[in-house]
Amino acid sequence: MHYVSPTTTDEAVRILSSAPGACRIVAGGTDLLVQMRSGMPEADTLLDIKRIGGLREIARDDGGWRIGAAVSGAELGEHAELVGEWPGVVEAVNLIGSTQIQGRATMAGNLCNASPAADSVPALVAANAVVRVVGPEGVRDVPVLDIPAGPGKTTLKRGEFVSSIYLPAKTGQSGDAYLRFIPRTEMDIAVVGCAVWLAFDAAGTCTEARVALGAVGPKVILAEEAARALVGTRIDEPALDALVAACSAAARPIADKRGTVAFRTHVAGVLARRAALIAKNRAGGAA
Amino acid sequence: MALDSKTEARKFKIVGTRPLRPDGIDKVTGRARFGADMSAPGMLVGLILRSPHPHARIRSIDTTRAESMEGVHAVVTRADFPAFVEDEALADVLDNCMAGEKALYDGHAVAAVAATSGAVARAALKLIEVEYELLAHVTDVDEAMRPDAPALHEDRADETVPAGMSDNVMARHEFGHGDIDAGFAKADRVLERGYRTEATHQGYIEPHACLATFGSDGQADLWCCTQGHYMVRNTCAAILGMEQGRLRVTASEIGGGFGGKTTVFLEPVALMLSKKAGRPVKMVMGRAEVFRATGPTASSSIDVRIGMAKDGRITAGFAELRYQGGAYPGSPVDMGSMSAFAPYDLEHVKTVGWDVVTNRPKQAAYRAPGAPMAAFAVESAIDELARELGLDPLEVRLKNAAREGTRASYGPTFPAIGLEATLRKAKDHPHWSAPLGPNQGRGVACGFWFNFGGDTCVSLNITPDGTVTVSEGNPDIGGSRASMSMMAAEELGIPYEKVRTIIADTGALGQNDVTDGSRVTFAVGLATIEAARAAKREMCKRAARIWEIEEDAVVWEDGAARPAGPNAGKHPPMSLAEIAAVATNTGGPIAGHCEVNAEGAGVSFATHMVDTEVDPETGAVKILRYTVFQDAGKAVHPAYVEGQFQGGAVQGIGWALNEEYIYGEDGRLQNAGFLDYRIPVASDLPMIDTVILEIPNPGHPYGVRGVGETSIVPPLAAVANAVSHAAGVRLTHLPISPPRLLAAIGAK
Amino acid sequence: MSRIHVTTTINGEAAEFLCDAGETLLDVLRDRLGLTGSKEGCGTGDCGACSVVLDGRLVCACLVLGAEAEGRTVGTIEGMTTGEALHPLQRKFLEHAALQCGICTPGFLVAAKALLERTPDPTEEEARYWLAGNLCRCTGYDKIIRAVLDAAAEMREAH
Amino acid sequence: MVRVRLWGSLAAAIGGQTEIEVEAGTLRELLDTLARDYPALQPQLERGVSVAIDGVIYNDDWFTPIRPDSEVVLLARLKGG
């Protein structure tokens with residue numbers, strides 16, 4: 001096994017494309033090292049991206065935010081401006097693991113680990129975030145929704161890795177929120193997760209909505225029916241009831257050690273309602 | 001004489017205060033050495049190969065490829081151990097440490113290697129070829145009791161088991177007195193209900209670890225984290241067929257045990273690897289191994305029938321308890337059956353317990369083994385009856401409370417006990433009358449546990465400068481070195497700081513029983529006091545010789561020998577330090593020691609009160625407030641007594657709400673890690689309030705009762721009662737995980 | 001397989017070691033440098049017993065590669081004491097009997113110190129959430145939280 | 001004579017007697033006499049018992065005195081954590 005820590009993306013892409021055997025990216029390492037311990041992936045090369053220039057930066061970009069792939073959850077949480085604009089995304093990232101995990105774990109890693117229960121992914125999907133992928137054939141920008149392919153699988157091609165995630169410019173009256181259900185108050189994997197992003201016109205009518213569900217399918221679900229239930233409403237009770245029904249209908253969960261099908265289906269709706277109200281409040285509409 | 005009260009009325013100077021613990025600095029600076037913190041020159045790393053199958057016959061094990069790998073110094077299988085171990089229980093321990101004919105659970109050890117590094121050892125494990133013949137398995141207690149269930153063993157059942165039952169039923173236990181049918185006939189209301197609890201793990205943060213060095217002269221040394229290094233010595237010697245005196249065991253600092261370190265797992269294997277390799281071998285379990293292969297407690301299925309009169313008097317109680325204790329006989333169902341109704345004064349009571357084996361890891365003791373699940377069932381039923389009859393649950397318990405003179409449900413008549421006092425304190429406490437909000441509920445429950453005594457040795461040495469060292473043989477799990485130093489200082493009349501207590505290795509003292517059964521503060525404390533008294537007698541003797549007066553004309557008071565009787569005041573008192581300074585001249589070094597089978601341990605009771613809030617939309621439960629009321633007899637170091645109360649309560653909260661062993665259809669453990677085996681974290685909890693009661697134990701010079709275990713007995717029921725009230729639906733299956741609670745709310 | 005040579009700073013002192021690519025910082029600290037104060041309770045970042053500070057960030061040493069320490073600074077429990085003087089947190093843990101077995105104590109102390117450096121006046125809730133990644137099975141956390149809040153109060157007064 | 005109370009499983013082993021009288025002044029005499037006079041108790045005695053004498057539980061101390069008027073109760077062997 002080899003450990004490399006290149007300082008440029010080009011160098012990283014070259015190693016990733018040419019290193020013999022399996023090459024694994026080390027960003028925060030909080031999933032990778034656990035998997036290595038359980039003997040799961042036989043990595044031949046560990047490629048640490050934290051020393052690549054720019055990958056630990058949070059930068060303004062075209063009114064939105066470009067977040068380097070090696071930025072930790074703790075760094076995101078300390079960025080007041082970002083938190084002000086995308087509180088739902090940041091709280092989703094900050095929910096991952098403990099304080100110690102936050103010191104290391106990255107949003108890009110959470111995405112590329114491709115767990116159906118990843119907390120940040122529904123929030124990124126709701127935020128319509130875009131992933132910048134670098135690889136042997138250059139750079140491409142991909143919607144977050146298109147990165148996970150299924151449990152543990154991504155659509156990244158050999159030699160590619162995520163260099164940053166872009167959160168679009170916050171528009172007028174808009175707000176996002178993410179809620180998850182866990183049995184304890186901390187330290188658990190989401191049994192259900194739900195993110196809601198809402199935009200309103202000056203009259204307080206919802207003009208746009210994105211609702212995403214986690215841990216209720218093999219990958220994150222963009223619940224378009226649920227979003228339609230909200231658009232054109234003032235997020236009133238009938239709209240919320242429709243949202244709840246649509247989220248429960250969109251959920252395709254399995255039963256496992258963390259929850260039953262019935263539980264996940266029901267709680268998906270419960271969380272959607274609660275998250276929608278928080279998002280509405282954050283957008284400036286009185287909840 | 002053993003039958004009389006040993007407790008003296010006295011005013012304590014040190015006992016009851018809160019000094020700093022003697023091992024404190026080491027533990028806050030990282031210097032303390034735990035099981036995995038020791039190393040030896042030339043040390044090898046030992047690792048275990050474990051069965052991935054819940055039940056399989058081991059047809060063959062081929063270790064040749066592993067043995068020939070570079071860096072591998074020894075490979076061990078069951079064939080390396082003695083073929084026959086006479087004691088059946090010890091034979092089971094060996095079989096659990098290294099499988100014989102069959103692998104009996106997912107995680108059962110089947111082979112081990114010692115190699116120059118962990119990486120080499122891991123690679124070597126992959127080269128061991130085990131041929132398994134897969135067998136049908138069973139992990140559920142009720143399923144295992146069906147006559148057609150896959151059988152783990154043949155002909156292992158006690159004579160107590162009726163013919164025709166499943167081969168997995170190992171023993172039947174029955175306790176009680178009176179005529180329950182007559183009792184039920186007098187009831188105004190009879191409640192019958194079934195309860196289930198899932199298996200939980202002790203969850204100590206320190207995985208098992210040891211370092212073994214076996215010399216070619218047949219002498220061996222072992223360093224390990226254990227609740228009883230004398231037990232480790234005796235067990236390993238028996239399993240390895242060696243003499244006890246040739247094995248010296250040193251107890252490391254121990255990172256939690258709660259009963260789970262009262263047996264051996266790695267130690268005999270490490271010794272055997274070291275013997276074969278001719279080098280020291282260190283073995284440290286990973287967390288997944290701890291969950292898969294070390295002592296969870298039993299899971300249970302319990303049916304309760306209780307009759308109650310309109311005024312709250314319990315007219316009869318019956319419980320049938322079925323515990324699976326993993327792959328070998330010995331679940332604590334007997335203890336559950338004895339303790340189920342122990343808090344109550346019942347004319348008619350009967351319990352029947354069934355000990356059942358399943359394809360799960362061999363259960364190990366867990367804090368008041370067997371009692372928490374029994375208390376959950378009985379205390380839930382009493383709570384439900386009280387509600388139905390419109391009675392105050394504390395009043396109902398007070399009305400039925402066992403007190404001095406009550407014939408216990410398990411047989412004997414109670415001496416002075418503190419249950420009633422805990423109930424009265426609970427009733428008067430502001431917690432009981434505090435208002436509750438919507439979706440909130442309050443629960444109470446009582447709990448009982450025995451205390452143990454047993455073999456105990458203490459050697460107390462007076463140094464030439466008048467400081468004191470106490471050597472004892474019980475690993476210090478939660479501050480016992482502090483309490484021993486306190487009792488020695490109290491007895492000698494010297495400052496606490498003048499006494500230092502250490503845990504001696506097995507070569508230094510006689511036999512000591514395990515740190516279990518809440519016995520240490522009681523039994524080692526008793527021996528420490530006796531050792532101090534012996535030293536005082538010797539010091540009085542020395543003073544008498546110096547003063548040239550009769551020995552019995554000298555008394556020990558306030559840390560000094562003083563002439564008494566007709567000689568009173570004729571000589572200035574001689575302090576401990578002054579006597580120590582001339583010890584060489586007056587007969588040689590001064591020591592006191594005590595070797596005793598400490599009998600006369602008391603029993604212990606507690607009442608717990610908890611407020612919970614339920615989220616009716618998700619089934620989430622929040623613990624809002626918690627108060628423990630427990631009798632400590634005499635709290636030697638109240639801070640550590642509180643700590644025992646709080647720790648037990650929180651372990652019980654975990655058991656009640658989220659902790660459980662989850663097995664798949666394939667018989668494999670699905671949550672062998674702290675991520676999905678969910679012990680409570682700091683943000684799950686409020687402060688845990690404690691009220692210490694002191695009803696002296698007549699069997700101890702200071703009135704001490706063990707406090708370590710009782711605190712885990714009431715919380716399962718207390719939490720379940722509180723959640724049931726908050727949710728408006730009775731919860732009978734622990735843990736009350738959110739999916740389970742939400743389903744119950746949905747079904748009401 | 002060649003080992004990696006790492007030069008780093010541990011508890012303020014220059015340190016260097018050789019390690020394998022897959023070796024964790026926790027293994028390096030414990031097995032190569034003899035710093036056994038950081039404990040392994042799980043090896044998967046779930047218990048916090050191996051908490052250390054890496055470039056000012058609280059992390060689990062079991063989830064950091066030894067090789068990643070190159071050129072960085074590492075703080076462990078062994079660096080918490082200045083000479084003979086205990087850190088106020090260490091003293092308060094003793095005074096409040098905030099440890100029973102003591103295996104989780106180094107991790108709690110390192111994590112609590114990181115908390116108080118960022119939040120000198122934490123609420124009970126903040127302390128509980130910050131420390132949620134540190135498991136303690138003995139105490140029920142009550143005395144630990146009290147010790148942390150008391151140490152915070154004392155440290156604020158000293159300033 | 002000392003009256004000894006048996007727990008349910010033991011009582012069943014000797015035909016349902018819940019109390020028996022034996023001649024014993026110490027714990028050892030008690031256990032020896034029980035083993036001799038009630039062979040059906042032998043398996044349990046070998047597995048180990050605890051004995052409550054006047055409400056206090058004793059395990060193995062042979063010479064623990066038993067008064068004629070003592071309350072003596074046989075118990076399953078205690079195990080703790």
Side-chain angles (χ1 to χ4, degrees), chain B residues 18 20-21 23-34 36-39 118-119 202-207 253-258 284 286-288 476-479 637 639-640 642-651 653 673-675 679-690, chain C residues 1 20 22-23 27 30-31 34-47 49 76-78 80-81 86-87 89-91 93-107 109 124-125 127-146:
Chain B
R18 301 175 180 233
L20 301 187
R21 60 194 285 167
D23 54 325
I25 299 283
D26 282 352
K27 286 185 174 163
V28 298
T29 55
R31 289 203 296 259
R33 288 194 172 259
F34 290 84
D37 297 340
M38 189 58 92
S39 52
Q202 296 82 352
Y204 32 83
I205 307 300
E206 181 199 29
E253 294 296 335
I254 172 173
F258 317 109
V284 182
R287 177 54 55 182
D476 176 356
I477 289 197
H637 192 307
Y640 288 104
E642 291 161 4
Q644 291 294 325
F645 291 5
Q646 292 163 335
V650 168
Q651 286 183 331
I653 290 169
F674 278 134
L675 183 62
I679 77 169
V681 300
S683 50
D684 292 343
L685 297 160
M687 293 297 184
I688 307 292
D689 295 328
T690 56
Chain C
M1 185 169 62
D20 297 329
E23 208 170 318
D27 287 341
R30 290 181 53 84
D31 300 339
L35 295 171
T36 55
S38 304
K39 306 299 178 187
E40 179 175 306
C42 68
T44 51
D46 296 310
C47 80
T76 74
I77 183 66
E78 285 89 350
M80 197 156 172
T81 313
L86 293 179
H87 187 279
L89 275 162
Q90 292 173 311
R91 205 155 27 73
F93 265 57
L94 292 178
E95 288 171 16
H96 284 268
L99 53 141
Q100 282 175 34
C101 81
I103 192 85
C104 70
T105 310
L109 287 167
E124 180 188 334
E125 191 180 17
R128 285 184 180 277
Y129 274 87
W130 181 274
L131 296 171
N134 291 82
L135 300 182
C136 170
R137 190 61 158 171
C138 293
T139 65
Y141 305 103
D142 181 300
K143 293 181 187 300
I144 292 175
I145 299 298
R146 288 180 200 276

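Throughout, protein chains are lettered first and strands after them, A, B, ... in sequence-line order, and every chain is numbered starting at 1.
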Exercise for review: Return the minimal non-hydrogen interatomic distance between B:P680 and C:Y141, and the atom names on each side.
Suggested key: O-OH, 2.7 Å
Review point. Top residue by heavy-atom pair count (under 4.5 Å) with chain B, among C:G34, C:G41, C:C136, C:S38?
Key: C:G41
**Study point:** Part of B:Q644 within contact of chain C (heavy atom distance under 4.5 Å)
**Key:** both
Practice item. Calculate, to the nearest 0.5 Å, the distance between atoms OG1 and CD belonging to C:T139 and B:E642 respectively. Key: 12.5 Å
Review point. Going by heavy atoms in the side chains, are C:E40 and B:R287 under 4.5 Å from each other?
Key: no
**Study point:** Nearest heavy-atom neighbours spanning C:G140 and B:L685
**Key:** O-CD1, 3.9 Å
Check your understanding: Atom CD1 of C:I103 and atom NZ of B:K27: how far apart are they, to the nearest 0.5 Å?
Key -> 9.0 Å
Check your understanding: With respect to chain C, which residue among B:A32, B:P207, B:A119 yields the maximal number of heavy-atom pairs within a distance under 4.5 Å?
Key -> B:P207
Check your understanding: Which distance, rounded to the nearest 0.5 Å, do you find between the CD1 of B:I679 and the CG of C:D46?
Key -> 10.0 Å
Review point. So which part of B:V650 gets closer than 4.5 Å to some heavy atom of chain C, the side chain, the backbone, both or neither?
Key: side chain
Check your understanding: Based on non-hydrogen pairs under 4.5 Å, which of B:R33, B:R18, B:E206 is most in contact with chain C?
Key -> B:E206
Point to revise | Side chain, backbone, both or neither of C:Y129 within contact of chain B (heavy atoms, under 4.5 Å) | key: both
Study note, to complete from the structure: Scanning both residues in full, the closest heavy-atom pair of C:G102 with B:F34 reads C-CZ, 3.6 Å
Review point. Relative to chain C, which segment of B:A649 carries a heavy atom at a distance below 4.5 Å: side chain, backbone, both, or neither?
Key: neither
Point to revise | Close side-chain approach of B:F258 to C:C138, heavy-atom, < 4.5 Å | key: yes
Check your understanding: What part of B:E253 gets closer than 4.5 Å to chain C, counting heavy atoms only: side chain, backbone, both or neither?
Key -> neither
Check your understanding: Can you say whether B:F645 sits under 4.5 Å from chain C via the side chain, the backbone, both, or neither, judging by heavy atoms?
Key -> neither
Point to revise | C:L86, part contacting chain B, at a heavy-atom distance under 4.5 Å | key: side chain
Review point. Any sub-3.5 Å donor-acceptor pair from C:Q90's side-chain atoms to B:V28's backbone N or O?
Key: yes
Study note, to complete from the structure: Ranked by heavy-atom pairs below 4.5 Å to chain C, first place among B:D684, B:I688, B:V284 goes to B:I688
Point to revise | Validation row: B:L675, C:T44 side chains within 4.5 angstrom (heavy atoms) | key: no
Review point. Quick one: what part of B:I25 sits under 4.5 Å from any heavy atom of chain C, side chain, backbone, both or neither?
Key: both
Review point. Just how far is it from atom CD of C:E95 to atom CG of B:L20, taken to the nearest 0.5 Å?
Key: 6.5 Å
Check your understanding: Considering residues at least two apart in sequence or located in another chain, which fulfil the salt bridge (Lys or Arg N to Asp or Glu O under 4.0 Å) criterion with C:D142?
Key -> C:R146
Practice item. Could you note down all residue pairs passing salt bridge (Lys or Arg N to Asp or Glu O under 4.0 Å) where residues 127-140 of chain C supplies at least one of them, sequence neighbours left out? Key: B:E659-C:R137, C:E124-C:R128
**Study point:** Heavy-atom pair count under 4.5 Å with chain C, highest-scoring of B:G647, B:S683, B:G30, B:P686
**Key:** B:S683
Point to revise | Interchain contact, C:L94 with chain B, by part (heavy-atom threshold 4.5 Å) | key: both
Exercise for review: Check each atom of B:R21 against the heavy atoms of chain C and say whether the ones under 4.5 Å are side chain, backbone, both or neither.
Suggested key: side chain
Practice item. Using a cut-off of under 4.5 Å on heavy-atom pairs, state which of B:T29, B:I254, B:D26, B:D23 scores highest against chain C. Key: B:T29
Point to revise | Taking every non-hydrogen atom, the tightest pair across B:F674 and C:C42 | key: CD1-CB, 4.0 Å
